[in-house]
Protein chains: 2
Amino acid sequence: MDHPLIAKLEQFSRLSDEDRRTLEILTEGPVRRFASRADIVREGEAPRAVRLILSGWACRYKQLPNGRRQIVALFLPGDLCDHNVFVLSEMDHSIGTLSPVALVEIPPPAFEEMMTVRPRVTRALWWESLVNAATQREWILNLGGRDAVERLAHLFCELFYRLRGIGHMQDGGCDLPLTQTDLAEVAGLTPVHVNRTLQSLRRQGLLELRGRRLTIPDLPALERVASFNPNYLHLDRVGARFDA
Amino acid sequence: MDHPLIAKLEQFSRLSDEDRRTLEILTEGPVRRFASRADIVREGEAPRAVRLILSGWACRYKQLPNGRRQIVALFLPGDLCDHNVFVLSEMDHSIGTLSPVALVEIPPPAFEEMMTVRPRVTRALWWESLVNAATQREWILNLGGRDAVERLAHLFCELFYRLRGIGHMQDGGCDLPLTQTDLAEVAGLTPVHVNRTLQSLRRQGLLELRGRRLTIPDLPALERVASFNPNYLHLDRVGARFDA
DNA sequence: ATCGAGCCATCACCTGTGTTAGCGTTCTTT
DNA sequence: AAAGAACGCTAACACAGGTGATGGCTCGAT
């Protein structure tokens, strides 16, 4: 398998062999593995290292006193849990897995040293954190401005682009470990209504969803339904990699 | 009036006279003024400088093709529009004013130079950008997990803390330039329902709102209604400034 | 002094989503 | 092989919030 962080950053800028090697060395620490549905960090704990997801799906989530849980971000392979967390004394949210996950923890000093010697990588990492922020904003728009059908359609469009960027889409399809309850916690809906909404998307031929496999037969159509605009992903070099 | 950025950063760490002077010099460029309801930057434009709000209220917003507008962040005096935007080639959202605004634009080189010579300020700026990210997450939770009453109550709690941090709360009250339509665009509601909800908050004695002035007579009560937890604002030094 | 534009308020009605409950299937565990 | 848990699906009903329309107030422009 290709290195997911390198694959991700190369969507933004071309990296030299030297850059790539630096990233490989940085992330070759011991691999930590987590079961599905386990917590990686909990709200209230002190942040320690920078974490890189190597495989599997994870999420940031926050819990309300009434028991409701809201997923506020999804982590896919190649995603970093914010570079500078260690400035903060306490986590304001938890990070948990949605499937079995493998990750490495990058020691902050190694991270900072790399920033001084590899400017192109540093710039690419700034890009990645700005894209994260933009994605958060898009989720706010999604929750505040779109109805259930548009909201789920938008989520699947985003996942399509993000998974393709790390080479996880094969012929319009991907593995989707999320349950309908997970989707509900992402979309701010109830599981029942997620089910209704998925039925509707399927009936319209916008989605196939069998077992743990998602297929998007007609991405442009889905994008139209979602009023999806990928500009917030800032995929500057995408033409170089995916055009015919 | 005190320097709003310095006031803000001192909620996180104590700054030296030297640090303060550096920040003052950095932000003493020409002041640009905008009328109320004007755009500062538009989606699609290339980002240029780092902007610091000196006075007035502004917002990031995104527009849906159906005309709906969603405010995804509020800027108060002392707030910076992300440090590193200039890495991106194109804005994915617009920034507009909600009241008359004065701001300075900090040239990126000056910014970067400061980062190399004033580590404590740099750290404080990291803190500020992490707090921004945390606030975005909290807004996602707000939209996804809370009903209209809780949502508006939460917003007013957040504004209380943020305004207090920059010295803009006087005896439990502040000026609130937002119209009910603005509140609707923040909270993902219709203006009509915002009106209903404000009535309800007023009837419960949680809020006074006359003219452009907001008073919160009983913050703890409002916090309870909102299930507000200020941990996401990471006000590490707050005890040093506001305790009796 | 008058006009018009915002803004706040209110009403009646409608609809998207939540709630509760139940059933069948598939996976896991033993 | 059996039992239980998790998950997907459905249905009937309830309600929070959206829609559209209207009136009154305030305030700046003419």
Side-chain angles (χ1 to χ4, degrees), chain A residues 35-38 57 64 66-70 96-100 142-155 175-204 207-214 225-226, chain B residues 35-38 57 64 66-70 96-100 142-155 175-204 207-214 225-226:
Chain A
S36 188
R37 316 281 149 183
W57 293 42
L64 282 169
N66 63 24
R68 196 183 166 96
R69 153 170 134 145
Q70 176 72 38
T97 63
L98 297 167
S99 74
N142 212 20
L143 290 167
R146 283 190 260 251
D147 68 20
V149 172
E150 299 167 327
R151 228 180 267 181
L152 286 177
H154 189 281
L155 173 63
D175 292 322
L176 187 85
L178 303 180
T179 66
Q180 295 187 355
T181 303
D182 296 328
L183 290 171
E185 288 172 351
V186 169
L189 300 168
T190 55
V192 174
H193 199 60
V194 166
N195 186 291
R196 288 195 272 249
T197 307
L198 290 178
Q199 308 284 352
S200 153
L201 287 168
R202 277 191 278 220
R203 247 179 287 117
Q204 299 177 253
L207 222 64
E208 285 162 39
L209 198 46
R210 270 189 310 275
R212 290 274 104 109
R213 180 130 196 112
L214 165 71
V225 167
Chain B
S36 188
R37 315 280 150 183
W57 292 42
L64 283 170
N66 63 25
R68 195 183 167 95
R69 155 171 132 144
Q70 175 73 38
T97 63
L98 297 167
S99 75
N142 212 21
L143 290 167
R146 284 189 260 252
D147 68 21
V149 172
E150 298 167 327
R151 227 180 269 182
L152 286 176
H154 189 281
L155 173 64
D175 291 324
L176 187 83
L178 303 181
T179 67
Q180 295 187 355
T181 303
D182 296 328
L183 289 171
E185 288 172 350
V186 169
L189 299 167
T190 56
V192 174
H193 199 60
V194 166
N195 186 290
R196 289 196 271 249
T197 307
L198 289 177
Q199 308 285 351
S200 155
L201 287 168
R202 277 191 278 221
R203 249 179 284 118
Q204 298 176 251
L207 223 65
E208 285 163 38
L209 198 46
R210 270 190 307 276
R212 291 273 103 111
R213 181 131 194 109
L214 165 71
V225 167

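The sequence lines fix the lettering, A, B, ..., with proteins before strands; numbering per chain opens at 1. Hydrogens, waters and symmetry mates are skipped; everything else that's a heavy atom, side chains included, is used. None of these values were measured; they are calculated from a predicted model.
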Does a side-chain N or O from B:R196 land closer than 4.0 Å to OP1 or OP2 of D:dC15, or not?
-> no

Say whether A:Q204 and A:S200, considering side chains only, have a donor N or O and an acceptor N or O under 3.5 Å apart.
-> yes

N/O (side chain, B:R210) to phosphate O (OP1/OP2, D:dC25) under 4.0 Å = no

With heavy atoms under 4.0 Å as the rule, sort B:G211 into base, sugar-phosphate or nothing.
-> nothing

How long is the line joining CG of B:L152 and P of D:dA16, in whole Å?
-> 16 Å

Identify which nucleotide among D:dT19, C:dT19, D:dG17 has an atom closest to any side-chain atom of A:T190, counting heavy atoms from C-beta outward.
-> C:dT19

Given atom CG of A:D147 and atom P of C:dC14, what is their separation to the nearest angstrom?
-> 20 Å

Rounded to whole Å, the CZ-P distance (B:R213 to C:dC7) equals 20 Å

Residue B:V192, side-chain heavy atoms: nucleotide from D:dG17, D:dG8, C:dT10 that is nearest = C:dT10

Separation of B:R37 atom CZ from C:dG6 atom C1', in whole Å?
-> 10 Å

Below 4.0 Å: OP1/OP2 of D:dC9 and any side-chain N or O of A:R202 | yes

Protein-nucleotide distance (B:R212, atom CZ; D:dC25, atom C1'), rounded to Å = 13 Å

When you check the side-chain N and O atoms of A:H154 and A:R151, is any donor under 3.5 Å from an acceptor?
-> no

Write down the distance between CZ (A:R68) and P (C:dT17), rounded to a whole number of angstrom.
-> 13 Å

Rounded to the nearest 0.5 angstrom, the OG1-CG distance for A:T197 and A:L183 is 10.0 Å

Short side-chain N/O contact to D:dT10 OP1/OP2 from A:Q199, under 4.0 Å = yes

Please determine, for the side chain of B:L189, which listed nucleotide (D:dG8, D:dG17, C:dC8) has the closest atom?
-> D:dG17

With no hydrogens and no angle check, is any side-chain donor or acceptor of B:N195 less than 3.5 Å from a backbone partner on B:V192?
-> no

Rounded to whole angstroms, how far apart are CG on B:L98 and P on C:dC7?
-> 11 Å

Distance below 4.0 Å between B:N195 side-chain N/O and C:dA9 OP1 or OP2 | yes

Is there a donor-acceptor contact under 3.5 Å from the side chain of A:E208 to the main chain of A:L214?
-> no

Can you tell me the distance, in whole Å, between the CD atom of A:E150 and the C1' atom of C:dT17?
-> 14 Å

